[in-house]
Number of protein chains: 2
Amino acid sequence: MPRAGLAPATVVAAGAALADEVGLAHLTMNLLARRIGVRPPSLYKHVESLQSLYRGIALQGKRELREALTRATAGQTGGTAVHAFAAAYRRWVLEHPGRYAATVRAPAAHDEEDRRSSEEGLRVLLDVLADFPLHDGHAIHATRTLRSALHGFASLESAGGFGLAEDVDRSFRFLVDTLVTVLQTDRPDRGGPA
Amino acid sequence: MPRAGLAPATVVAAGAALADEVGLAHLTMNLLARRIGVRPPSLYKHVESLQSLYRGIALQGKRELREALTRATAGQTGGTAVHAFAAAYRRWVLEHPGRYAATVRAPAAHDEEDRRSSEEGLRVLLDVLADFPLHDGHAIHATRTLRSALHGFASLESAGGFGLAEDVDRSFRFLVDTLVTVLQTDRPDRGGPA
DNA sequence: GCTTCTTAGCTAATGGTAGTAGCCAAATGG
DNA sequence: CCATTTGGCTACTACCATTAGCTAAGAAGC
C-alpha cells in the first residue's frame, strides 16, 4: 500500500478545516483520521496529541487571522482602517469558527511561540491605532478595549448569542462607530481612578 | 447503606462548583460523582446526561449572574450604574469561570427556558441603559455593544489572554469609561450606512 | 408496626475516546 | 542493490459517558 504522504502541517491544516465544519469540540482523532484517509494511530506520527493538534490549529489560525487583518488594513488609516480591521476580524471569525475557538483557548504556561504569535497579532492592531491622538499609555488600553469588543461581538455572534439575526450588521457598525468616535476624542483622564 | 439525599439541583450546584475549580472542560461525571460521594451511574438518576448537566449549570449561572447584576445596580443610574454593572459582571466571571463558560455555550435550538433566561439577563442591561438619551432603535445596538465588550474583556481576562496582568484594572476602567462617554453623546447617524 | 411501592444507589457491561507498543513495508540514501 | 529510517498498520490499554438490571432505603397506606 502506498503511503499517504502526510506531514505535521497537512494534518494540522486538515484538522483546522474539519474543526470549522463540525466545531472544535467535535473534532476527534478518529474523525480526522477518517477524513485524511488513514487510521487514527497514524496521526500520532505527525502530532503528539490532541492537545498539540489544538495548539497547531491555534497557531495556524492566528497566523491566518493576522494575515487577513494586515491585508485588510494595508494602506488605510484612521477610522477607515479601524472599520476595515473590524470587518475583516468579524468575517474571519464567522468563516472559521473552529480555528477561532482554538485560538481563543489559553496557551500553555510557558509556550513562547504561541505567546509571540499572539503578540504579533496585537501589533497589527497597534499599528492601526497609531494614527489616533491617544494620550500616554492609552494605546494598550485602547487596544484591549477594541480587541475585547471585537472578540466579544464575534464570539457571541458565532455562538448564535444574538437572538434575532436581523440588524446584527447594524449593531456591528454601531459598535465600531462607537469605538472610532471615542478614539478620536481621547481624554487624558480616561481609565483614571473612579 | 444510607442514601446520599441528592436532587437534580444539588447535583447541578455541585457540578457548577466543580466546574469553577477544574474548568468546565475537565468536568466529568466520574469526578463529579467522586466529589459528591457517589458512583458515576447514580448521577443519571438526577441528570439526563453530561450535556444536560452543562445546561443546568448554564441556567443556574445565568440566574446567579442576573441576580448579582441586579443587586449591583439597584438604585443607581446613568454612568454610575453602568460602572457598577460592568464591575459586577467582570467580578462574577472571574469568580465563576466554569459557570460562565457554561453560560456562553449556545443553547440548543428550541430551548425556550434557556432563551428566556438569557432574555431576562438582557433586561437588566436595558434597564441600566434606559437613563441614556439614545436615539430610536439604538438601545438594542448599545446593549449588544456593551455586552460584547464586557463578555470579550471578561472572557479574555479569564482565559489569561492579556499577557501582563498589570494595568488590567486600568484597561477595564478605560473600556467602561469609553462606553459610558459614548452612551452620553449618542448621535443619530451612529450605526448608519458606511 | 407491618406491608407495599417507589426509587436512589449499586455492580456489570457496552461502545467510543485518546494514546501506546510493536510490526512491517515503503521510501530514502549510500 | 542493500541498509536505514520511518509512516502506516493491528492490537491493546485505560478512561469516558451511558445503559441494564438488581437491591435495599425510604415513603405511603393500612
Side-chain angles (χ1 to χ4, degrees), chain A residues 1-60 98-99 101-102 105-109 111 114, chain B residues 1-60 98-99 101-102 105-108 111:
Chain A
M1 9 171 145
R3 292 199 183 179
L6 297 183
T10 60
V11 171
V12 168
L18 194 49
D20 286 339
E21 288 176 38
V22 303
L24 187 67
H26 296 102
L27 175 64
T28 69
M29 291 302 233
N30 215 317
L31 195 59
L32 178 56
R34 252 205 303 277
R35 165 67 60 102
I36 292 180
V38 103
R39 301 299 187 127
S42 307
L43 297 177
Y44 291 87
K45 298 284 179 172
H46 306 286
V47 295
E48 258 185 26
S49 64
L50 181 63
Q51 292 308 312
S52 87
L53 175 65
Y54 286 161
R55 177 178 177 273
I57 294 173
L59 284 173
Q60 178 185 326
R99 287 161 162 86
R105 291 168 89 93
D111 188 335
D114 194 310
Chain B
M1 2 167 152
R3 295 200 181 177
L6 298 184
T10 60
V11 171
V12 168
L18 192 50
D20 286 339
E21 289 175 38
V22 303
L24 187 66
H26 295 102
L27 175 63
T28 68
M29 291 301 234
N30 215 316
L31 196 60
L32 178 56
R34 250 203 305 278
R35 165 67 60 100
I36 292 180
V38 105
R39 300 300 186 125
S42 306
L43 297 177
Y44 291 85
K45 298 287 178 174
H46 306 286
V47 295
E48 257 185 26
S49 64
L50 182 63
Q51 292 308 311
S52 87
L53 175 64
Y54 285 162
R55 177 178 177 275
I57 294 173
L59 283 173
Q60 178 186 327
R99 287 161 162 86
R105 291 169 90 94
D111 189 334

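So that the names make sense, note that chain A is the first sequence line, chain B the second, and so on, each numbered from 1. Excluded from the calculations below are hydrogen atoms, water molecules and symmetry mates; all remaining heavy atoms, backbone and side chain alike, are included. All figures in this text were calculated on a predicted structure; none of them were measured in a lab.
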From CA spacing to verdict: side-chain contact (heavy atoms from CB on, under 4.5 Å), B/T10, B/H46: CA-CA 9 Å; B/T10 60; B/H46 306 286; over 6 Å; no

Worked verdict on B/E21 versus B/R35 for side-chain contact (heavy atoms from CB on, under 4.5 Å): CA-CA 12 Å; B/E21 289 175 38; B/R35 165 67 60 100; 2.8 Å; yes

CA sep, side-chain torsions, deciding dist, call: B/L50, B/M29, side-chain contact (heavy atoms from CB on, under 4.5 Å): CA-CA 7 Å; B/L50 182 63; B/M29 291 301 234; 4.2 Å; yes

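Taking a 4.0 Å limit (strictly below) on heavy-atom distances, residues 7-32 of chain A reaches DNA chain C at A/T28, A/M29, A/N30.
OP1 or OP2 of D/dG8 sits under 4.0 Å from a side-chain N or O of A/H46.
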Enumerate all atom pairs, one protein N or O and one N or O from nucleotides 10-12 of chain D, separated by less than 3.5 Å.
none

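Using a distance-only test at 3.5 Å, with no hydrogens or angles considered, a donor-acceptor pair links the side chain of A/D20 to the main chain of A/R99. With hydrogens and angles ignored, the 3.5 Å screen pairs a side-chain donor or acceptor of A/S52 with a backbone N or O of A/E48.
When every heavy atom of A/V12 is checked against every heavy atom of A/L53, the shortest pair comes out as CA-CD1, 4.0 Å. Taking each heavy atom of A/A33 and A/R39 in turn, the nearest pair found is CB-C, 3.8 Å. A pairwise comparison of heavy atoms in B/A102 and B/A58 identifies O-CB, 3.4 Å as the closest pair. Considering every non-hydrogen atom in both A/L27 and A/Y54, the closest pair reads O-OH, 4.0 Å.
Rounded to a whole Å, the CD atom of A/E48 is 13 Å from the C1' atom of C/dT20. Atom OH of B/Y44 and atom C1' of D/dG21 are 17 Å apart (whole Å). The interatomic distance linking B/R34 (CZ) with C/dG9 (C1') rounds to 17 Å, in whole Å. Between the P atom of C/dG19 and the CD atom of A/Q51 lies a distance of 7 Å, rounded to the nearest Å. Atom-to-atom, CG of B/L6 to P of D/dG26 comes out at 13 Å; the value is rounded to the nearest Å. The interatomic distance linking A/K45 (NZ) with C/dA26 (P) rounds to 16 Å, in whole Å.
Closest contact between the side chain of B/S49 and the listed nucleotides D/dT18, D/dG8, C/dG9 involves D/dT18. Distance from the side chain of B/L50 is smallest for D/dA17 among the nucleotides C/dC10, D/dA17, D/dC9.
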